[in-house]
2 protein chains.
Amino acid sequence: MNFPKTQIWEMNKAEVLIIDDEPQIRKLLQINLESNDYKVVQASTGKEGLILSASHAPDLILLDIGLPDKSGHDILKELREWYNKPIIILSVQDNEIDIISALDNGATDYLTKPFRTGELLARIRSAIKRSQNSENDIIITCGDIEINLVARIVKQNNEVIKLTSTEYNLLALFAKNEGKVLTHQYLLREIWGYTFQTETQYLRVFVGTLRKKIEVNPNNPQHIITESGVGYRFQ
Amino acid sequence: MNFPKTQIWEMNKAEVLIIDDEPQIRKLLQINLESNDYKVVQASTGKEGLILSASHAPDLILLDIGLPDKSGHDILKELREWYNKPIIILSVQDNEIDIISALDNGATDYLTKPFRTGELLARIRSAIKRSQNSENDIIITCGDIEINLVARIVKQNNEVIKLTSTEYNLLALFAKNEGKVLTHQYLLREIWGYTFQTETQYLRVFVGTLRKKIEVNPNNPQHIITESGVGYRFQ
DNA sequence: TTGAATTATAAAGATTTCGTAAAAAATCCC
DNA sequence: GGGATTTTTTACGAAATCTTTATAATTCAA
C-alpha cells in the first residue's frame with residue numbers, strides 16, 4: 001500500500017464513520033481501517049449514523065444501503081443536506097438503478113459486497129485526498145501567509161507559525177475559501193460538526209487566537225475580517 | 001437523469017476525451033455521451049491522447065488501461081503532472097493491484113469492461129459535478145454593481161462595498177428582481193418576516209443607507225427607484 | 001397652489017453581536 | 001500519574017447594528 005501523503009495521517013488521523021448493521025462487516029472494516037491509521041466510529045442503524053455524523057464530522061462515511069431502520073438512500077439524502085465530505089456506498093445490491101440513484105444523490109463512490117478490502121482502502125484514500133485539497137493545491141498562498149495543506153504547516157514571511165490543531169483547521173478552511181464570507185454555522189459545521197452549529201462563541205475564541213498569531217495588528221485585522229451578524233471572511 | 005445545474009450544461013457543454021484503441025468502444029461511448037449532451041473528443045493511442053488532452057483541456061478523460069503504444073498507467077502519471085480534472089479508468093483488467101495502483105496514481109474512478117453505460121454515465125456526472133463544484137459562484141451584475149451571492153460580496157467598479165447583513169439581504173433581494181416593482185409588504189416579509197409587514201419605516205431607513213453606499217448621488221438615485229405608495233424598484 | 005399623505009434623513013436609544021481574558025475541563029504526552 | 005497543552009465555559013466591556021423618534025422634504029391630487 002502506498003501512502004502518497006503519509007504525514008497527514010500521522011499528525012492527524014482521518015476519521016471514518018461506518019454505518020452498517022452487520023457486525024462482522026463492521027469488525028472487518030474497523031480492523032482494516034485502524035491498521036491503516038484511520039480513526040473509526042461505528043453505527044449499526046441509520047438513525048445512530050445520522051447522530052454520529054453530526055457530532056463527529058468524520059472525514060468520510062461508509063454507508064451500507066441495506067439498513068434495518070431506514071433506507072440507505074434516505075440516509076444519503078439527509079446527510080447531503082449538510083455533509084459535503086465523501087460518502088462511499090457499500091451494498092449487496094448490484095443493480096444499475098440503485099447505483100445510478102446513489103451517485104446522482106451525491107454518493108462519492110459505490111462498491112458492491114463482497115468487496116476487496118485493498119480496493120476499498122484505495123478508494124477511501126482517493127476520496128479523502130480529493131476532498132482535502134479540492135483544487136489539488138498543495139500550498140495556498142494568501143499575501144504573506146503560506147499554508148502547506150499536505151504538511152499542515154503555516155508560514156508567514158517564511159517563518160513557521162505554531163498553531164494548534166483546531167486553529168490550523170480553521171485557518172485552512174478560511175484559506176480554501178479566500179474572499180468568501182463563511183457563515184458561523186458553516187464554519188462550526190465543517191470543523192466541529194453539525195451539532196455545534198450554534199456554538200458561535202467557539203469561533204470568537206479561535207478567531208481571536210488566530211488573529212493574535214497571524215495579524216500584524218490584531219486590533220485591526222487585515223486577514224480575518226468580521227462580517228457582523230453573518231460570519232467571517234479571509235483575505 | 002437529473003442535472004442540478006441545467007443552465008451550465010446547456011450553455012457550455014462539458015467536453016470528454018476518450019482514450020481507447022478499440023473503435024467499437026469509442027463509438028459506443030461517443031453515441032452515449034453525445035446523446036447526454038457532452039462534447040466528445042477521441043484518441044486511439046496514448047500519445048494522441050496526451051496531445052489532445054493538452055490542446056483541448058477536456059472536463060473529463062476516459063482512459064483505457066490497455067493501450068498498444070504505452071501503458072495506461074504511464075499515461076495516467078503523465079497526465080496527472082498537470083491535469084487535475086477527473087480521469088476515469090476503463091479496463092478489462094479486474095485485478096486488485098491494477099485498481100489500487102491506478103487510484104493511488106490519481107485516477108478518479110476505475111471501471112472494468114464490460115461496463116454498464118448507465119452506471120458509467122452516472123459516474124461521469126458525479127465526477128464532473130464534484131470537480132466543478134469549487135467554482136460555481138453565482139454573480140449578478142447590474143450596471144456598475146456586482147453581487148456575488150455565494151461569496152456574499154458586493155462590488156462597485158471592482159471596489160468592495162461594506163454592507164451590514166440587512167443591507168446586503170435587501171440589496172440581494174432587489175438584484176434578484178431587477179426591474180420589478182417590489183411592494184413594501186413583500187420586502188418586509190422577505191427580510192424581516194411576516195410580522196413586520198407594516199413597518200415601512202424600516203425600509204425607508206435601510207433604503208436610505210443603501211443609497212448612500214451605492215448611488216453616485218443619493219439625492220438623485222439611479223439604482224433604487226421609489227415607486228410612491230407602492231414600493232421600490234431596482235435597476 | 002395648497003395641504004395631506006408619503007418619503008427621506010438624522011440622530012438618539014436599545015439591542016444584539018463581538019472580542020478578550022481568564023478560569024475550568026478535557027486531552028495529550030512523557 | 002502528573003505536568004503541559006488545548007479546548008470549552010463563563011463573564012463582561014466594547015463595538016456594530018437595528019429600532020425608534022423627530023423633523024424636514026417631496027409627491028400628488030384637489
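Both backbone and side-chain heavy atoms feed into the values below; hydrogens, waters and symmetry mates do not. In this text, all values refer to a predicted model and were calculated from it rather than measured experimentally. So you know, we letter chains A, B, ... as the sequences are listed, proteins then strands, and number each from 1.
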According to side chain to side chain contact (heavy atoms under 4.5 Å, CB included), who are the partners of A:E215, at least two apart in sequence or on a separate chain?
A:R211, A:P221, A:Q222, A:H223, A:I224
Using a heavy-atom distance cut-off of less than 4.0 Å, which residues of residues 160-176 of chain B contact DNA chain D?
B:K162, B:T164, B:T166
Below the 4.0 Å mark, does D:dT7 have OP1 or OP2 next to a side-chain nitrogen or oxygen of A:W192?
no
How is B:Y232 classified with respect to the nucleic acid when contacts are heavy atoms under 4.0 Å: base, sugar-phosphate, or nothing?
sugar-phosphate
Using the salt bridge (Lys or Arg N to Asp or Glu O under 4.0 Å) criterion, which residues pair with B:R233? Sequence neighbours excluded.
B:E227
Atom OH of A:Y194 with >12 non-hydrogen neighbours under 6.0 angstrom
no
Using the side chain to side chain contact (heavy atoms under 4.5 Å, CB included) criterion, which residues pair with B:N217? Sequence neighbours excluded.
B:N219, B:N220
Checking side-chain contact (heavy atoms from CB on, under 4.5 Å) for the pair A:L79/A:L50: CA distance, chi angles, key distance, verdict?
CA-CA 7 Å; A:L79 281 170; A:L50 285 170; 3.9 Å; yes
B/S/- along nucleotides 23-30 of chain C (protein heavy atoms under 4.0 Å) is --------
Taking atom CD as the centre, does A:Q24 end up with more than 12 heavy-atom neighbours from other residues, nucleotides or ligands that are less than 6.0 angstrom away?
yes
Sequence neighbours excluded - side chain to side chain donor-acceptor pair (under 3.5 Å) pairs with any residue from residues 49-66 of chain A:
A:D64-A:K113
Over all heavy atoms of both residues, which pair between B:Y168 and B:I153 is shortest? Give the atoms and the distance, please.
CE1-N, 4.3 Å
Check the distance between D:dA15's P and A:E227's CD and give it to me in whole angstrom.
19 Å
Using the C1' atoms of the five pairs at each end, what is the angle between the end axes of the helix from C:dT1-D:dA30 to C:dC30-D:dG1, to 10°?
40°
I'd like to know whether A:F234 forms a side-chain contact (heavy atoms from CB on, under 4.5 Å) with A:I214, so could you lay out the CA-CA distance, the side-chain angles of the two residues, the decisive distance to 0.1 Å, and finally the verdict.
CA-CA 12 Å; A:F234 185 75; A:I214 65 167; 4.2 Å; yes
Out of the candidates B:V207, B:L170, B:I225, B:L182, only one should pair with B:Y232 under the side chain to side chain contact (heavy atoms under 4.5 Å, CB included) rule; please name it.
B:V207
Other residues, nucleotides, ligands: >12 heavy atoms within 6.0 Å of A:K213 NZ:
yes
Looking at residues at least two apart in the chain, or sitting in another chain, which of them share a side chain to side chain contact (heavy atoms under 4.5 Å, CB included) with B:K77?
B:N105
Answer yes or no: does a side-chain N or O of A:T226 lie under 4.0 Å from OP1 or OP2 of C:dT17?
no
Residues two or more places apart in sequence or in another chain: which of them pass side-chain hydrogen bond (donor to acceptor under 3.5 Å, both in side chains) with B:R204?
B:Q201
Using 0.5 Å steps for rounding, measure from the CH2 atom of A:W82 to the CD atom of A:Q197.
8.5 Å
Considering just the side-chain nitrogens and oxygens of A:H184, establish if one lies under 4.0 Å of OP1 or OP2 belonging to C:dT17.
no
B:L188 CG to D:dC18 P, in whole Å, measures 14 Å
Counting only side-chain nitrogens and oxygens, does A:S228 get under 4.0 Å of the OP1 or OP2 atom of D:dA15?
no
Set of salt bridge (Lys or Arg N to Asp or Glu O under 4.0 Å) partners for B:E78, sequence neighbours left out:
B:K70
Specify the residues of residues 201-219 of chain B, ordered by number, for which at least one heavy atom lies under 4.0 angstrom from an atom of DNA chain D.
B:Q201, B:Y202, B:V205, B:F206
Walk me through whether B:D109 and B:R123 qualify under salt bridge (Lys or Arg N to Asp or Glu O under 4.0 Å).
CA-CA 8 Å; B:D109 208 337; B:R123 287 184 183 271; 2.8 Å; yes
Please enumerate all protein N or O atoms sitting under 3.5 Å from an N or O of nucleotides 24-26 of chain D, with distances to 0.1 Å.
none

Rounded to whole angstroms, how far apart are CG on B:N220 and P on D:dT27?
10 Å
